[in-house]
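The sequence lines fix the lettering, A, B, ..., with proteins before strands; numbering per chain opens at 1.
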2 protein chains.
Amino acid sequence: MAQLSSVYRRLEEGRRRLTPQRERIIKIFLERPGQHLSAEEVHQLVKRDFRDIGMATVYRALELFTQLEILQRIHFNDGRARYEINRHTTNVHRHHHLVCLRCGRVEEFQEDLLDDMEDRLARERGFQVVDHELKFYGTCQQCNRKQGGRVLS
Amino acid sequence: MAQLSSVYRRLEEGRRRLTPQRERIIKIFLERPGQHLSAEEVHQLVKRDFRDIGMATVYRALELFTQLEILQRIHFNDGRARYEINRHTTNVHRHHHLVCLRCGRVEEFQEDLLDDMEDRLARERGFQVVDHELKFYGTCQQCNRKQGGRVLS
DNA sequence: ATACGTGCAAAGCCTTTGCAGGTGA
DNA sequence: TCACCTGCAAAGGCTTTGCACGTAT
């Protein structure tokens, strides 16, 4: 798992430690590329190895990694934060989300068109873009086939 | 205010009433096109006319209007929901958001490029888009001029 | 009469914070 | 030693719900 060294380096720069719990948390994300986990989900997964870990530790780790730009916090309009590996800093191309309103699954997709938009925003409105976020809400292929079900919320 | 009749029609379809409080709330949004108000902000504004209105009523109205697709709920990754008039259903063109990380101001901008993307998603992945959401995070012109300040969170 | 709406207070989530004890450098 | 980390419990913020009373049809 090559990416761990990069995590370690960023922690060191801030004089923070890679404790066993934090390592497990990062690995949970590295083992599940393209998943968007809530704090609660992460907690359940870490508990397999650290039975006594508390939510506070999970939240503190997620917050720390978010500040170090190792993780990224996302909201899908359901009131709880989710986290994913920040691929921007791991040199994989930026991606976006397809949120299915029937089954709740979140798919990803790649898109390059936005770079042009960012340039235009800087030129025409003086807005310097640091990050962007694009989400499509709708119904996924699988749900479209089943038909009939009711759209959530 | 022509749009109020459309609000009234949609309420009637669901056998819900346009009470004075609800009317005031809708007007607050109609009077402020392009603003993204939190429940708390709406509460403060309604209180000018209804001193005793409670947060519960505000939340229930916001929830109702969101379900009727008169308002739209948005999250800017700060943990609180904001609401804006759903222009999709009032036939004004869809717009998106520029969130300034220094001063917190939210600007809007128009963009048509996404329709092509939606077509491609349907064709290539069978994902039927109902709605989309595009946000750019960065620093606004005003803040860029002032320089120096620290970027939030 | 019936269904809907309101304000108040209480409860519910998700998340953060304070604290005492533990651990790594 | 010193700064950092952890689990627990308590507190915080935002939002929802239960209830009794009011109101429109």
Taking CZ from B:R80 and P from D:dT16, how many angstroms apart are they, rounded to a whole number?
14 Å

Starting from the 5' end of DNA chain D, give me the residue, B:H75 or A:R22, whose nearest nucleotide shows up first.
A:R22

Any salt bridge linking B:E107 with A:R125? Criterion: basic side-chain nitrogen under 4.0 Å from a carboxylate oxygen.
yes

Do B:F109 and B:F136 have ring centroids that are under 6.0 Å from one another?
yes

Closest nucleotide of DNA chain C for B:L11 versus for A:A81: which of these residues is on the 5' side?
B:L11

Distance in angstrom units between B:R16 CZ and D:dT25 P, rounded
15 Å

Do B:E84 and B:R82 sit within salt-bridge range, that is, some charged N less than 4.0 Å from a carboxylate O?
no

Residue list, salt bridge (Lys or Arg N to Asp or Glu O under 4.0 Å) with A:R120, at least two apart or on another chain:
A:E124, B:E111

Check the distance between D:dC4's C1' and A:L64's CG and give it to me in whole angstrom.
11 Å

Give me the distances for all protein-to-nucleotides 1-3 of chain D N/O pairs that come in under 3.5 Å?
| from | atom 1 | to | atom 2 | distance (Å) |
| --- | --- | --- | --- | --- |
| D:dA3 | N3 | A:R17 | NH2 | 3.4 |

Between atom NE2 in A:H43 and atom C1' in D:dG7, what is the gap in whole Å?
10 Å

On DNA chain C, which is the earliest and which the latest nucleotide, 5' to 3', with an atom closer than 4.0 Å to a heavy atom of chain A?
C:dC14 to C:dG24

Residues of residues 48-60 of chain B with a heavy atom under 4.0 Å from any atom of DNA chain D, listed by number, are B:A56, B:Y59, B:R60

Remember a base hit wins even if backbone is also touched, and classify A:E40 as base, sugar-phosphate or nothing at under 4.0 Å, heavy atoms.
nothing

Please name the residue in the list A:R24, A:Q21, A:K27 that meets the side chain to side chain donor-acceptor pair (under 3.5 Å) test with A:D49.
A:R24

Which ring pair (Phe, Tyr, Trp, His ring centres under 6.0 Å) pairs, counting each pair once, include a residue from residues 34-67 of chain A, with sequence neighbours left out?
A:H36-A:F76, A:H36-A:H97

State which residues pass ring pair (Phe, Tyr, Trp, His ring centres under 6.0 Å) with A:Y137; sequence neighbours excluded, sorted by chain then number.
none

